[in-house]
Novice: 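Pasting a structure here, questions to come.
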2 protein chains.
Amino acid sequence: MTTMTAARSPLSPADRPQLGLRERKKIKTREAIRTAMYALVEEQGYEATTVEQIAERAEVSPSTVFRYFPTKEDIVLTDEYDPILLEELRSRPADEPWPDTIRDVMLAAARVGVEEDLRVARLRTRLMVEIPAVRSRMMESMSVTGRMICGALAERTGRDPDSLEVRVYAMSFIGGLMEASLYWAEKGHQGDFTDLVDRALDVLEHGLGTEKP
Amino acid sequence: MTTMTAARSPLSPADRPQLGLRERKKIKTREAIRTAMYALVEEQGYEATTVEQIAERAEVSPSTVFRYFPTKEDIVLTDEYDPILLEELRSRPADEPWPDTIRDVMLAAARVGVEEDLRVARLRTRLMVEIPAVRSRMMESMSVTGRMICGALAERTGRDPDSLEVRVYAMSFIGGLMEASLYWAEKGHQGDFTDLVDRALDVLEHGLGTEKP
DNA sequence: CACCTTTTGAGAGTTACTCTCATTTCATGG
DNA sequence: CCATGAAATGAGAGTAACTCTCAAAAGGTG
């Protein structure tokens with residue numbers, strides 16, 4: 001998951017001098033491409049930004065851009081927070097009820113994800129609303145997160161991670177959180193994103209209820 | 001919605017002689033393109049099928065194909081069942097509880113959608129599983145259906161169709177049904193699709209519950 | 001039949017993405 | 001410190017989905 005699910009700072013090259021020069025350079029290139037894309041998109045919009053331009057600004061060849069990111073959309077979206085999220089889920093006390101677990105983890109992820117880099121979080125969600133291809137790619141990435149949630153839920157509750165029920169639960173969960181992100185962006189990123197996630201989690205846990213706000 | 005939401009036969013040209021020749025020809029062209037695509041995909045697979053080939057077999061120009069369908073994926077997926085679904089929702093007695101309404105309508109839609117043309121339903125869901133672009137496009141189309149459900153739900157319960165709660169509910173609903181479709185296809189279309197939808201609706205209505213099947 | 005509108009076809013252009021191969025850059029053992 | 005192997009990069013050609021434009025054709029109408 002991307003928008004609401006940061007749980008730790010993304011790997012930066014300076015942080016790990018133990019890595020070989022090669023690995024550090026790869027991380028730098030990745031970041032350079034992302035930074036170039038962010039800048040160009042803010043300058044001239046998503047569609048108007050071509051991969052060639054991104055490559056030029058990042059000082060790599062177009063071939064290299066595609067080596068690092070399978071699609072243009074991935075440059076904006078990809079993050080590798082899923083493993084961290086999984087670890088977080090696993091580190092919870094085994095007797096904690098599942099709803100509490102998932103709620104706390106998701107809320108924390110949302111909080112960190114936004115605090116980490118508000119500008120990027122806004123850009124991403126804005127593009128999710130405006131560019132169908134970005135939104136689609138995001139949904140794809142979310143469904144991967146969904147499968148991970150299936151696994152975690154199964155591990156904790158002894159269910160079959162591949163049962164229809166678990167999978168439907170996970171995907172409906174993901175769908176709801178996705179909509180919360182879109183809602184946030186559509187309303188111009190007003191208010192606290194964490195509050196929206198909290199309200200979304202209420203709906204996912206208890207349904208719509210009978211009160212009419 | 002496409003896979004599980006047919007509620008009446010798609011418009012066929014012979015059925016409406018009152019339409020002008022122009023309109024009837026358009027419908028025929030649409031069907032010809034679809035039929036050509038279905039056949040080619042079954043012969044040689046989705047990726048190997050180019051729009052040029054589709055155009056050739058449908059005896060139209062490539063330009064025309066793109067005039068009828070915005071993307072290649074849409075040729076496989078598009079159907080206009082949303083208005084029918086909406087009408088169905090509206091025709092329900094006003095005092096019927098919402099969960100019953102949506103359940104019955106969805107189950108009926110699933111039933112008809114599969115019975116209408118099992119081969120097409122299978123092909124579509126199979127492609128949803130195998131081809132990411134098709135799956136993405138399907139999710140997009142589903143989110144449109146989601147907005148429609150927001151409207152219907154709001155109409156019946158007096159809620160704000162654009163409130164976070166309603167939108168999260170609708171999208172989580174859509175996500176769950178989507179997963180049921182994928183599940184059906186992944187398991188080789190074994191068993192009755194309607195049963196899967198029924199079980200999915202249980203999860204969406206009551207959560208996972210405590211029983212472990 | 002003539003006129004107007006809509007639809008179609010042809011073709012050129014853009015761009016994301018793929019594949020291949022030669023060149024460069026890093027890692028490593030002597 | 002250099003030679004050898006492995007990995008990353010760049011260059012370039014190729015594909016196919018889409019877009020745009022404009023002229024030809026076909027349907028509707030007086």
Side-chain angles (χ1 to χ4, degrees), chain A residues 13 16-34 36-37 40-41 44-78 127 130-138 140, chain B residues 13 16-34 36-37 40-41 43-78 127 131-138 140:
Chain A
R16 44 207 74 223
Q18 75 282 14
L19 260 56
L21 174 56
R22 214 160 228 172
E23 296 304 313
R24 272 176 287 157
K25 219 172 188 179
K26 281 211 269 184
I27 296 175
K28 264 174 70 179
T29 304
R30 245 187 122 74
E31 279 188 1
I33 294 171
R34 271 234 187 78
M37 172 124 201
L40 284 166
V41 168
Q44 48 180 1
Y46 181 87
E47 320 250 39
T49 301
T50 76
V51 173
E52 213 168 340
Q53 290 173 324
I54 299 166
E56 195 180 354
R57 182 162 306 196
E59 293 180 294
V60 293
S61 76
S63 324
T64 300
V65 173
F66 286 114
R67 251 191 283 272
Y68 277 81
F69 300 94
T71 72
K72 186 181 164 189
E73 297 85 53
D74 281 284
I75 308 178
V76 194
L77 290 178
T78 305
L127 292 178
E130 290 170 4
I131 316 290
V134 174
R135 183 169 52 247
S136 292
R137 199 70 190 77
M138 185 64 191
E140 274 295 296
Chain B
R16 47 208 74 221
Q18 74 282 14
L19 259 57
L21 173 56
R22 218 162 224 170
E23 296 304 313
R24 271 177 287 156
K25 221 174 189 178
K26 279 213 268 187
I27 296 174
K28 263 173 71 178
T29 304
R30 245 187 121 75
E31 278 188 3
I33 294 171
R34 272 235 186 78
M37 172 125 200
L40 284 166
V41 167
E43 284 172 23
Q44 48 181 3
Y46 181 86
E47 320 250 41
T49 300
T50 75
V51 172
E52 213 168 341
Q53 291 174 326
I54 299 167
E56 194 180 355
R57 182 162 306 196
E59 293 180 292
V60 294
S61 76
S63 325
T64 300
V65 173
F66 285 114
R67 251 191 285 270
Y68 279 80
F69 300 94
T71 73
K72 187 181 162 188
E73 296 86 54
D74 281 283
I75 307 178
V76 194
L77 291 177
T78 305
L127 291 178
I131 316 291
V134 174
R135 183 170 51 248
S136 293
R137 200 66 191 77
M138 184 64 192
E140 274 296 296

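The basis for the numbers below is simple: all heavy atoms, side chains too, and nothing from hydrogens, waters or symmetry mates. Below, read A as the first sequence line, B as the second, and so on, with proteins coming before strands; counting in each chain starts at 1.
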Novice: At their closest point, which heavy atom of A/Ala36 faces which heavy atom of A/Ile54, and how far apart are they?
Specialist: CB-O, 3.8 Å
Novice: Find the distance A/Ile54:CD1 to C/dC17:C1' and express it as a whole number of Å.
Specialist: 13 Å
Novice: Take a 6.0 Å sphere around CD of B/Glu140 and say whether it holds more than 12 heavy atoms from other residues, nucleotides or ligands.
Specialist: yes
Novice: Once you round it to whole Å, what is the distance between P of C/dC26 and NZ of A/Lys28?
Specialist: 10 Å
Novice: Contact between A/Arg30 and A/Thr78 at the side-chain level, heavy atoms closer than 4.5 Å - yes or no?
Specialist: yes
Novice: Is atom CD of A/Glu130 surrounded by more than 12 heavy atoms (other residues, nucleotides or ligands) closer than 6.0 Å?
Specialist: yes
Novice: To the nearest Å, give me how far apart CZ (B/Arg137) and C1' (D/dA17) are.
Specialist: 14 Å
Novice: What is the distance from CD of B/Glu47 to P of C/dC19, rounded to the nearest Å?
Specialist: 11 Å
Novice: Figure out the NZ/P separation between B/Lys72 and D/dC18, and round it to whole Å.
Specialist: 8 Å
Novice: Determine to 10° how strongly the helix from C/dC1-D/dG30 to C/dG30-D/dC1 is bent, judged from the axes of its five-pair ends.
Specialist: 10°
Novice: What distance do B/Asp74 atom CG and B/Ile33 atom CD1 have between them, rounded to the nearest 0.5 Å?
Specialist: 12.0 Å
Novice: Where the side chain of A/Arg137 meets the backbone of A/Lys72, is there a donor-acceptor pair that is under 3.5 Å apart?
Specialist: no
Novice: In whole angstrom, what separates A/Phe66's CZ from D/dG14's C1'?
Specialist: 14 Å
Novice: Taking the side chain as C-beta and beyond, is there a heavy-atom pair between B/Leu127 and B/Glu73 under 4.5 Å?
Specialist: no
Novice: Just how far, in rounded Å, is C1' of D/dG27 from CG of B/Leu21?
Specialist: 7 Å
Novice: For nucleotides 6-10 of chain C, tabulate all protein N/O to nucleotide N/O atom pairs closer than 3.5 Å, reporting atom names and distance.
Specialist:
unit_1	atom_1	unit_2	atom_2	d
C/dT6	O2	B/Arg22	NH2	3.3
C/dT7	OP1	B/Lys26	NZ	2.6
C/dT8	OP1	B/Tyr68	OH	2.9
C/dT8	OP2	B/Tyr68	OH	3.4
C/dG9	OP2	B/Ser61	N	3.0
C/dG9	OP2	B/Ser61	OG	3.1
C/dG9	OP2	B/Thr64	OG1	2.3
C/dG9	N7	B/Arg67	NH2	2.8
C/dA10	N7	B/Ser63	OG	3.1

Novice: What's the CG-C1' distance between A/Leu40 and C/dT15, to the nearest Å?
Specialist: 16 Å
Novice: Just by distance, do the side chain of B/Gln53 and the backbone of B/Thr50 share a donor-acceptor pair under 3.5 Å?
Specialist: yes
Novice: Within a reach of under 6.0 Å around CD of A/Gln44, are more than 12 heavy atoms found that belong to other residues, nucleotides or ligands?
Specialist: yes
